Amino acid sequence: MARVVVVGAGLGGLAAAARLAATGHAVTVLEQAPQVGGKLGWYARDGHGFDTGPSLVTLPQVLEDLFVATGAPLSEVLPLQRLDPAVAYRFADGTTTALPGHRDDIPARLDADLGPGSGAQWTALLTRAEAMWRATEQPFLRTPLAGAATLARLARNTADLRTVAPGRTLRGLGHRYLTDPRLRMLLDRYATYSGSDPRRAPAALLTVPYAEQAFGSWYVPGGLRRLPEAVAARAVERGAVVRTGAAVSEVLVTAGRATGVRLADGEVVPADVVVCNADATSLYGSLLPPHAPVRRVRAALRRVTPSSSGFVLLLALRGRTPGLAHHTVLFPTDYDAEFDALFGGGRFGRGGPSRPVADPTVYVSAPDDPATRPDADSESWFVLVNAPRHEPGTGVDWTAPGLADRYADQVLATMAARGLDVRDRVRWRVVRTPADLERETASPGGSIYGTSSNGARAAFLRPANAARLPGLFLVGGSAHPGGGLPLVTLSAEIVSGLIGPA
Ligand SMILES: Cc1cc2nc3c(=O)[nH]c(=O)nc-3n(C[C@H](O)[C@H](O)[C@H](O)COP(=O)(O)OP(=O)(O)OC[C@H]3O[C@@H](n4cnc5c(N)ncnc54)[C@H](O)[C@@H]3O)c2cc1C
């Protein structure tokens with residue numbers, strides 16, 4: 001039995017804690033915030049309740065694996081609800097389509113809404129995506145990153161390697177299959193699921209729409225924040241100790257291995273193994289002492305583009321919106337202008353500072369869930385637009401006086417121009433900027449997904465789950481295999497496998 005300290009109680013940290021406690025280790029989770037969950041936050045006031053982070057669960061089988069491995073299955077603890085339609089889209093030309101929640105129903109819907117032949121184009125793309133999924137799920141998503149060995153596993157046969165189209169971008173591959181600009185826009189959006197630019201992200205991100213459409217879009221009744229609460233409860237049931245309000249200021253290194261952590265108040269918690277769920281740039285930048293033998297990872301982290309952030313409006317609304325889907329996406333005319341603004345630069349994303357997106361894609365999540373509203377004649381909307389990170393000095397300073405409120409008004413006006421005008425129904429609103437996300441979840445710049453997938457090698461530059469320093473492991477969105485609820489849960493599975501049972 002090892003004494004394991006987990007730094008951070010995000011979903012990844014909690015999932016690792018539950019798995020390690022279930023296999024007999026003595027686990028202590030140390031979380032700086034007053035509650036568990038990290039980016040899976042919750043805001044409640046006057047009977048309105050909002051998830052402040054994720055609103056969409058994909059790959060539910062990954063969560064199911066976690067719960068089965070640590071005790072009772074997920075369905076007994078937290079039954080998930082499959083969404084149908086999955087997402088309602090509105091394009092700039094006024095076309096709308098509500099994509100069904102089951103893959104087989106999608107082609108007919110696209111033919112009906114976007115024109116004959118659209119369904120066949122999308123099906124051809126998803127067939128390619130399925131092949132990519134089969135080629136990458138085991139050797140990449142479910143396996144520790146091991147540099148050249150990972151590439152070798154991926155390339156175990158050249159057909160698999162050709163399938164993932166190394167060297168091609170998501171946009172580039174999409175253009176081969178899709179001629180309709182609206183379908184192309186729909187595909188581009190999946191790059192933003194990892195905070196990336198479709199013009200620079202690898203074609204392998206085609207696995208994202210595949211995972212969503214093949215395995216469904218899901219909701220947790222009562223709010224997604226119930227997920228980390230359930231995982232924390234499971235970890236505690238299996239013997240872990242979860243301490244909130246416990247900020248770790250240093251990972252201790254003695255004789256070339258991690259030997260515990262020091263808290264901000266000076267308390268030392270000794271450990272045989274440290275699992276870090278804090279962002280990898282914080283770990284390598286400030287939590288590890290300068291002499292730690294991790295120079296190569298520090299250099300690699302300097303070469304990757306951090307993921308973008310998000311600007312969130314929580315809207316407490318009077319009245320109900322007839323026919324509103326659970327998830328709605330309102331597209332702009334010029335999607336490229338959005339990516340130029342997010343990552344800085346002109347047409348090809350090079351040079352120039354990042355800036356708030358002038359005419360952003362707007363995402364609305366409006367669960368039809370009594371747990372989120374004071375009465376049947378109210379709604380609680382989570383509105384998200386992609387936003388550049390909080391980078392005072394070099395990029396956008398989201399704390400600049402007036403900026404957040406002005407931008408919130410702009411987002412509401414954009415929604416109105418695209419057919420969703422709720423301005424006279426707002427009881428109150430809460431604005432959450434990338435700076436708030438940084439402050440509350442200790443995520444540098446408010447990056448949603450750690451590092452982005454911009455660039456062909458980005459996935460391989462992401463920090464590995466086993467650090468070069470013996471006794472130190474990384475779990476969560478800034479480490480392999482990446483951000484988003486399913487991937488951080490997979491990272492916990494990888495880490496517990498690397499550490500092994502007691
Ligand atoms: C607005 C928004 C929308 C999103 N939408 C979706 C979605 O729809 N679907 C989806 O799958 N994903 C979505 N995501 C991404 C998803 O939330 C994350 O990928 C995932 O929750 C990250 O989990 P994690 O394990 O990396 O930990 P995090 O949630 O990043 O938590 C890390 C924890 O570590 C703690 N910590 C950091 N430093 C220290 C320290 N020094 N000492 C102690 N504790 C520390 C932090 O306080 C935090 O609690 C969204 C995120 C945001 C912000």
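Counting convention: from 1, in listed order, for ligands and their atoms alike. Note that this is a predicted model, so its numbers are computed, not measured. The analysis underlying the following values was restricted to heavy atoms, covering all of them including side chains, and did not include hydrogens, waters or symmetry mates.
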Qualifying residues under salt bridge (charged side-chain N to carboxylate O under 4.0 Å, His left out), relative to R3, sequence neighbours excluded: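 Salt bridge (charged side-chain N to carboxylate O under 4.0 Å, His left out) list for R3, sorted by chain: D272.
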Pi-cation contact, F215 with R82 (under 6.0 Å, within 45°):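 Cation-pi check for R82 and F215: fails.
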Filter the ligand 1-protein atom pairs down to N or O on both sides and distance under 3.5 Å, then list them.
unit_1: ligand 1; atom_1: 8 (O); unit_2: S55; atom_2: N; d: 3.2
unit_1: ligand 1; atom_1: 8 (O); unit_2: L56; atom_2: N; d: 3.2
unit_1: ligand 1; atom_1: 9 (N); unit_2: L56; atom_2: O; d: 2.9
unit_1: ligand 1; atom_1: 11 (O); unit_2: L485; atom_2: N; d: 2.8
unit_1: ligand 1; atom_1: 19 (O); unit_2: G484; atom_2: N; d: 2.7
unit_1: ligand 1; atom_1: 25 (O); unit_2: G12; atom_2: N; d: 2.7
unit_1: ligand 1; atom_1: 25 (O); unit_2: N277; atom_2: ND2; d: 2.9
unit_1: ligand 1; atom_1: 26 (O); unit_2: G477; atom_2: N; d: 2.7
unit_1: ligand 1; atom_1: 29 (O); unit_2: K39; atom_2: N; d: 2.8
unit_1: ligand 1; atom_1: 30 (O); unit_2: K39; atom_2: NZ; d: 2.6
unit_1: ligand 1; atom_1: 41 (N); unit_2: V248; atom_2: O; d: 2.9
unit_1: ligand 1; atom_1: 42 (N); unit_2: V248; atom_2: N; d: 2.9
unit_1: ligand 1; atom_1: 44 (N); unit_2: Q32; atom_2: N; d: 3.1
unit_1: ligand 1; atom_1: 47 (O); unit_2: E31; atom_2: OE2; d: 2.6
unit_1: ligand 1; atom_1: 47 (O); unit_2: Q32; atom_2: NE2; d: 2.6
unit_1: ligand 1; atom_1: 49 (O); unit_2: E31; atom_2: OE1; d: 2.6
unit_1: ligand 1; atom_1: 49 (O); unit_2: E31; atom_2: OE2; d: 3.1

Modelled atom types, side-chain donor and acceptor of Q213 and W122, under 3.5 Å: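 Checked: Q213/W122 side chains pair up, N/O donor to acceptor below 3.5 Å.
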Y363 versus S55, side-chain donor and acceptor atoms under 3.5 Å: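 Yes - a donor-acceptor pair under 3.5 Å links their side chains.
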Residues which pass side-chain contact (heavy atoms from CB on, under 4.5 Å) with T192, listed by chain and number, not counting sequence neighbours: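 Here the qualifying residues are R189, Y335, F339, N386.
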D405: partners by side-chain contact (heavy atoms from CB on, under 4.5 Å), with sequence neighbours left out: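 Scan of D405 (side-chain contact (heavy atoms from CB on, under 4.5 Å), adjacent residues dropped) gives R429, V431.
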